[in-house]
Amino acid sequence: MAAATVPSDCILAPLRAEIELLPGPPGADGSPTGILHDTVAGTYDAYGWAEGEVLARLRRRVSLGDLHGRLRRETTVPVDREAVAAFVQSLYSRGLLEGTRPPDRRGAGGVIAWLMSHTLFFRLPLFRPDAFLQKTLWLPRFFGSRTMIRLYVLAAVAAVVLFIPRSGMFLDSATPFLAWTGALYLAAAVAAVKVLHEFSHAYAAAVRGVNVRSMGLFFMVMTSVPYCDVTDAWRLRKEDRLAISFAGVRTELVVGALSLLAWSLLAPGPLRDVAGILSTASLASTILTNCNPGMRFDGYYLFSDLIGVDNLQATAFAEARGFFHRVLLGADPEGVDPGLSRRMRTLLVAYSLYVVVYRLFVYFGLALVVYHLFPKAFGIILFCLEIAVLLVRPVVREAAAAVKVWRKNRRSGRRRRGLAQPSFSGCSCRCPGRSGSRRRWSGRTSSPCTLPAPAAS
């Protein structure tokens with residue numbers, strides 16, 4: 001039934017017992033927010049003030065009329081009955097209410113997506129480190145003490161002062177490591193630094209009482225790097241999340257500074273060469289990879305928390321899509337957050353363009369790596385598959401969305417025109433929906449709403 005015809009005595013199912021409602025940081029306008037944690041699916045959803053008031057009253061079975069009446073009597077939330085019904089329907093569709101279960105997305109995307117995720121991009125959990133972390137918490141407390149931080153800063157300043165006049169010698173000493181033996185040493189140094197990097201994330205989370213779900217290897221195009229799953233950090237304050245995200249980068253910077261200082265002080269020889277390799281591996285990987293917000297590494301989460309935007313890439317792409325639909329097609333943007341300021345919208349559009357350009361080069365480079373790693377016949381197939389899935393498919397999907405918007409405006413008889421409207425005549429195709437891993441509910445829906453729980457006494 002449509003949301004406007006839902007009877008007041010319709011009984012609403014309560015939240016599942018496994019759902020946790022955690023406090024979140026204040027919103028941009030100072031209103032309270034929260035985080036919904038599904039302990040079974042391991043997902044987190046941020047919600048605002050109005051949604052939180054509804055969720056707090058859904059711990060037991062209640063009728064739609066009683067729920068709406070309690071909201072009007074006990075809160076100042078400006079929400080109508082139809083909006084409450086639509087929001088409860090969104091909870092039902094996500095498997096968050098009693099009698100439902102989280103949706104199984106293992107088969108989402110079809111055979112091609114499964115092949116990509118299980119052959120080129122996948123995680124291999126190796127162990128659960130919580131017990132080990134709890135027994136060795138003295139390590140981060142010692143190495144992260146104020147005294148040690150002051151020593152790190154002094155070492156970094158000394159390393160820079162001593163390195164500047166010796167920079168030419170550093171470049172000359174790096175030449176032997178361009179050979180195969182040097183490349184192996186460099187790879188071993190990078191691996192060691194990355195292990196320290198991930199344990200820094202783990203210790204930073206453990207000190208703040210966060211469960212570290214697993215540690216292991218992340219495989220990307222037949223290469224592997226360590227990973228640390230600190231998803232539960234979403235329940236923390238912004239300052240604590242920033243500290244966890246920055247922990248790995250801070251460790252690599254410290255290792256790089258100490259190695260660079262050692263290289264400047266040591267006489268030419270094997271130890272000096274090892275120090276040079278460590279400084280190069282830590283500083284270069286941190287600056288070029290971890291601090292880059294274009295991929296979902298530390299820089300992405302740091303940037304997301306710094307600007308206060310949840311599910312950054314999905315939000316930025318939605319804003320960019322709305323911007324281009326408005327400019328090119330003359331259409332009102334859909335799926336954008338109306339609460340964002342003009343400056344924030346501009347920043348998100350610029351960020352999305354940067355991500356697109358950056359990933360264009362990264363994915364094309366990965367496709368070339370795959371082509372050269374495998375036998376030529378199989379390499380060509382995988383090369384074409386990667387180009388199709390990572391580059392061509394998103395372009396086709398966005399073009400289909402643009403055509404759909406243009407046709408919708410044309411049927412509605414809109415007079416407003418965009419820059420590229422005449423170029424879409426004669427096209428007809430459909431675009432599947434998009435979703436993010438952590439999103440903010442708006443409490444609004446334009447689709448018909450069918451409440452999940454049948455009327456019962």
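No hydrogens, no waters, no symmetry mates; every other heavy atom, side chains included, goes into these values.
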Looking at side-chain heavy atoms only, is the closest gap between [X] and [Y] below 4.5 Å?
X      : Y      : answer
Phe127 : Met215 : yes
Val212 : Asp232 : no
Leu124 : Leu126 : yes
Ile19  : Leu36  : yes
Ser214 : Tyr227 : yes
Arg359 : Met295 : yes
Glu20  : Ile35  : no
Leu97  : Arg16  : no

Contacts of Leu306 that satisfy side chain to side chain contact (heavy atoms under 4.5 Å, CB included) - sequence neighbours left out =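 Result, side chain to side chain contact (heavy atoms under 4.5 Å, CB included) vs Leu306: Leu242.
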Output the distance between atom [atom1] ([X]) and atom [atom2] ([Y]), rounded to the nearest 0.5 Å.
X      : Y      : atom1 : atom2 : answer
Leu96  : Glu18  : CG    : CD    : 10.5 Å
Met344 : Ile307 : CE    : CD1   : 5.0 Å
Arg146 : Leu151 : CZ    : CG    : 14.5 Å
Phe142 : Met148 : CZ    : CE    : 5.0 Å
Phe132 : Leu137 : CZ    : CG    : 10.0 Å
His37  : Leu21  : NE2   : CG    : 11.5 Å

Does [X] reach the main-chain N or O of [Y] with its side chain, forming a donor-acceptor pair under 3.5 Å?
X      : Y      : value
Arg166 : Leu162 : yes
Arg272 : Trp263 : yes
Glu319 : Ala316 : no
Lys238 : Gly308 : no
Ser304 : Tyr301 : no
Thr280 : Gly276 : yes

So Leu91 and Leu58, side chain to side chain contact (heavy atoms under 4.5 Å, CB included) or not? Walk me through it.
-> CA-CA 11 Å; Leu91 298 175; Leu58 274 179; 3.7 Å; yes
What are the two closest non-hydrogen atoms of [X] and [Y], and how far apart are they?
X      : Y      : answer
Ala233 : Val210 : N-CG1, 3.7 Å
Pro293 : Cys291 : CD-O, 3.4 Å
Gly294 : Gln313 : O-NE2, 3.7 Å
Phe317 : Val356 : CE2-CG2, 4.3 Å

How would you list all residue pairs meeting side-chain hydrogen bond (donor to acceptor under 3.5 Å, both in side chains) that involve residues 128-145, not counting sequence neighbours?
-> Thr136-Tyr203
Residue pairs fulfilling side-chain hydrogen bond (donor to acceptor under 3.5 Å, both in side chains) with at least one residue in residues 346-358, sequence neighbours excluded = Asn292-Tyr354, Asn292-Tyr358
Could you go step by step and tell me if Phe87 and Tyr47 meet the side chain to side chain contact (heavy atoms under 4.5 Å, CB included) rule?
-> CA-CA 11 Å; Phe87 176 63; Tyr47 57 82; 5.7 Å; no
Which pairs pass salt bridge (Lys or Arg N to Asp or Glu O under 4.0 Å) with one or both residues in residues 275-285, sequence neighbours excluded?
-> none
Hey, could you give me each pair passing salt bridge (Lys or Arg N to Asp or Glu O under 4.0 Å) that has a residue in residues 152-162? Not counting sequence neighbours.
-> none
For residues 243-259, which side-chain N or O atoms pair as donor and acceptor with protein atoms under 3.5 Å away, sequence neighbours left out?
| unit_1 | atom_1 | unit_2 | atom_2 | d |
| --- | --- | --- | --- | --- |
| Ser245 | OG | Arg241 | O | 3.0 |
| Thr251 | OG1 | Ser200 | OG | 2.5 |
| Thr251 | OG1 | Ala247 | O | 3.1 |
| Glu252 | OE1 | Ser285 | OG | 2.7 |
| Glu252 | OE1 | Thr286 | OG1 | 2.8 |
| Glu252 | OE2 | Lys194 | NZ | 3.0 |
| Glu252 | OE2 | His197 | ND1 | 2.7 |
| Glu252 | OE2 | Asn290 | ND2 | 3.1 |
| Ser259 | OG | Val255 | O | 2.7 |

Evaluation steps, side chain to side chain contact (heavy atoms under 4.5 Å, CB included), between Leu278 and Leu260 = CA-CA 8 Å; Leu278 280 176; Leu260 195 60; over 6 Å; no
